[in-house]
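Lettering follows sequence order; numbering is per chain, from 1. Heavy atoms only: backbone and side chains are in, while hydrogens, waters and symmetry mates are out.
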2 protein chains.
Amino acid sequence: MRDVARLAGVSVATVSFVVNDSKPVSPATRLRVESAMVELDFRRNAVARALASRRTRIIALLFPVLQHRLSDNAARFFTGAAEAAAELGYTVVLWPEPSDPDALREFTSDGLIDGVILMEVRLDDHRVDRLLAAGTPLTLIGRTRDPSGLDYVDVDFEGMVELSIDRLQALGHREFALLEEVERADLDGYGPVIRVQETFHAVCAARGLRARTLQCTPDPAGGREIAATLQEEAPEVTAVLVLNDRAALGFVSELGRRGVSVPDDLSVVLVASTREVSEAADPALAVTLLPAAQLGRMGVETLVGRLDGTLGELRHELVMGAFLEGASLAPPPD
Amino acid sequence: MRDVARLAGVSVATVSFVVNDSKPVSPATRLRVESAMVELDFRRNAVARALASRRTRIIALLFPVLQHRLSDNAARFFTGAAEAAAELGYTVVLWPEPSDPDALREFTSDGLIDGVILMEVRLDDHRVDRLLAAGTPLTLIGRTRDPSGLDYVDVDFEGMVELSIDRLQALGHREFALLEEVERADLDGYGPVIRVQETFHAVCAARGLRARTLQCTPDPAGGREIAATLQEEAPEVTAVLVLNDRAALGFVSELGRRGVSVPDDLSVVLVASTREVSEAADPALAVTLLPAAQLGRMGVETLVGRLDGTLGELRHELVMGAFLEGASLAPPPD
DNA sequence: TTGTAAGCGTTATCAT
DNA sequence: ATGATAACGCTTACAA
């Protein structure tokens, strides 16, 4: 920058003004500076800028150690976030969750990041308290029990469930079941499971539909077990919503093996998953897609908006994914 | 740091020496400095340090826009990389691949990163040239056609294929097929596909086993098509290696639907995938796991070793994943 | 072993 | 509209 200033015959301050467009500069000098920059192939140093401006324009993605997932939604989320950040002149760093929540201080306290995006937020999330206490700007993916003071973006699980029920009800179904994960210690207070369950029962009740919950372990074996006992345990059910994709694949696979036809005997909707998982089932499952990339993008846009001061009020937004029809929907059997 | 120095009654330089352990400091002053740091809850500012030392300790993960994958290996890779980086005092940032390879210059030229890890390296990879030209320290995940001058870590596809054939041969199989993706423009020059194919044929030839290649689209439908025509096209085959996990699920699903028993009629091994995908099939497939997290970890360790100068010679390493038995292996039918 | 002081490459304040 | 210059918080010769 010093070199640019010298070549253009101005001071470094002036160069800074044109680079950042932070003060009015006469067209003539601006031109001189710009051509000097081109000539010297000038790139402003991000580190020096960060030190002087006290803003690194780096944001962190705090994500939990990965559970054994089938779909690659985490990667899609990262991609969406990183792309949005790049467009906004920011950079995204990855923070795998420390086992000790207090260790978050180590992360936040060295001045490298301007703010944090918190993934997989629990209803009662200690990380939120820690980060707020540290004064770290924060955007949530998901919500705490009372997220009123925080920016958040969350999946519209309620909308997904209602839409799924809409489709099934339109086909004539009246006997519903929700296949969900058994309560697990590590999912305690995990919003999606709770919200899906509540919504499922509420919507069914409001519409006079019969609803029951089936619990299984979150893996194919769990889904298989339910399929094996379904006709004895819940012979009236004609429509099933499944919240776990691994369980869903085991479930439909075992149904097929037992001669229960999807969709002729039973209609199935997979909630919050991907096209790839849906297609891995036979038949391909109707699915409400988890908009992972969009979620990542919106999370970044929200946090950056807050950091740049371009976001006025709090942002509380729910997003739904598309509904793919698949081949697992049909009217109920007589 | 100034405050710490004042409280400890030393100069900032001395504080710096104890913080970085960069010069001998007498035990007495070291103690005074350390207690002053504790007292003031001192954290060294990463940005100032980076500016002064001309090293940010940030490395970038350059990854391709995500293909439609079933498994979450990309996320595992990220996690492994980020964890290793944290342990080494580094930070990992995400760079989704720019559509224009020349745009890489924009990334590298602002001084924010010390080096990059390149994922999904092609045999002829323009990104490598661009980054080398820019003088960016580089570690490859995968290898170019001639990687002799570069550090790399790659999956030992050759070993995986050979191990899989070992197992099948020990069971008595002599008629093999490799189910792989059709050539696609976007996979042109993609090492794994090529190396697996070459190894497969080479190993079979060396052992006097019959080998043939079946090509399909990289999705469940592709696998289904092959399954549908297998008995006509290749009735002699008793053992199949599958390189694409989406195709693998379609393949075994369609076999089951057609009354071809896995493993009684046909043994199947899934190459380079995850336990979760394996279990999504019925029966669970024998699988050589893709060691994604380890790959990420090793990539970071390699690059950091190079940056810190602790790595002497070039590192060229191949890693294999574990072999999970599954329930898809049996002796060939009579 | 410890201190002094010159950077590192910007931004931002205050003059002019 | 532009320039001088003091931060920003640390590292690192070089001196003592």
Donor-acceptor contacts under 3.5 Å from residues 2-13 of chain B side chains, at least two apart:
unit_1	atom_1	unit_2	atom_2	d
B:Ser11	OG	B:Ala13	N	3.3
B:Ser11	OG	B:Thr14	N	3.3
B:Ser11	OG	B:Thr14	OG1	3.3

Give a yes or no answer on whether the side chain of [X] reaches the backbone of [Y] with a donor-acceptor pair at less than 3.5 Å.
| X | Y | answer |
| --- | --- | --- |
| B:Asp72 | B:Ala75 | no |
| B:Asp156 | B:Leu318 | no |
| A:Asp151 | A:Thr139 | no |
| B:Arg306 | B:Gly312 | yes |
| B:Thr56 | B:Leu112 | yes |

Open item on the list: So, using salt bridge (Lys or Arg N to Asp or Glu O under 4.0 Å) as the criterion, who are the partners of A:Asp129 when residues are at least two apart?
Closed with: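 Testing A:Asp129 for salt bridge (Lys or Arg N to Asp or Glu O under 4.0 Å), a comparison that skips the adjacent residues, returns none.
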Whole-Å distance separating the [atom1] atom of [X] from the [atom2] atom of [N]:
| X | N | atom1 | atom2 | value |
| --- | --- | --- | --- | --- |
| B:Arg2 | D:dT11 | CZ | P | 15 Å |
| A:Asp114 | D:dC8 | CG | C1' | 14 Å |
| A:Leu51 | D:dC8 | CG | C1' | 4 Å |
| B:Asn45 | D:dC8 | CG | C1' | 8 Å |

Task: Minimum-distance pair of heavy atoms, taken over all atoms of A:Ser53 and A:Arg57 - done: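 Shortest heavy-atom contact: OG-NH1, 4.1 Å.
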- [ ] Just call it for B:Ser22: base, sugar-phosphate, or nothing, with non-hydrogen atoms closer than 4.0 Å on any strand.
- [x] nothing
Task: Sugar-phosphate only, base, or nothing, as touched by A:Val10 at under 4.0 Å among non-hydrogen atoms - done: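 Answer is sugar-phosphate: A:Val10 comes under 4.0 Å of backbone atoms only.
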Task: SB check B:Arg30 B:Asp21 (cutoff 4.0 Å) - done: yes
Task: Neighbours of DNA chain D within residues 33-44 of chain A, by heavy-atom distance under 4.0 Å - done: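 DNA chain D contact set from residues 33-44 of chain A: none.
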- [ ] Mind running a 4.0 Å heavy-atom check of residues 11-20 of chain B against DNA chain D and sending the residues that fall below it, in number order?
- [x] B:Ala13, B:Ser16, B:Phe17, B:Asn20
Task: Verdict with supporting geometry, B:Ile113 and B:Thr136, side-chain contact (heavy atoms from CB on, under 4.5 Å) - done: CA-CA 9 Å; B:Ile113 60 116; B:Thr136 311; 4.2 Å; yes
- [ ] Name the orientation class of the two ring planes belonging to B:His316 and B:Tyr152 (parallel below 30°, tilted from 30 to 60°, perpendicular beyond 60°).
- [x]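 Judged by the thresholds at 30° and 60°, the geometry between B:His316 and B:Tyr152 is parallel.
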Task: Derivation and outcome, salt bridge (charged side-chain N to carboxylate O under 4.0 Å, His left out), residues A:Glu120 and A:Arg127 - done: CA-CA 11 Å; A:Glu120 305 258 335; A:Arg127 303 172 302 171; over 6 Å; no
- [ ] Could you check which of D:dT2, D:dC10, D:dC14 has an atom nearest any side-chain atom of A:Ser26?
- [x] D:dT2
TODO: At the 4.0 Å heavy-atom cut-off to chain A, mark where contacts on DNA chain C begin and end, going 5' to 3'.
DONE: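 Result: C:dG9 to C:dC14.
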Task: Axis deviation across the helix from C:dT1-D:dA16 to C:dT16-D:dA1, five-pair ends, to the nearest 10° - done: 30°
- [ ] Assign each of A:Ala52 and B:Lys23 to its nearest nucleotide of DNA chain C by heavy atoms, then name whichever residue's nucleotide is nearer the 5' end.
- [x] B:Lys23
Open item on the list: Distance check, rounded to the nearest 0.5 Å: A:Thr108 atom OG1 versus A:Arg130 atom CZ?
Closed with: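 Between atom OG1 of A:Thr108 and atom CZ of A:Arg130 there are 11.5 Å.
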Open item on the list: Nearest heavy atom decides the nucleotide; on that basis, is B:Arg54 or A:Ala48 closer to the 5' end of DNA chain D?
Closed with: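 Looking at DNA chain D, the more 5' nearest nucleotide goes with A:Ala48.
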Open item on the list: Taking the ring centre of each residue, are A:Phe78 and A:Phe63 less than 6.0 Å apart?
Closed with: yes
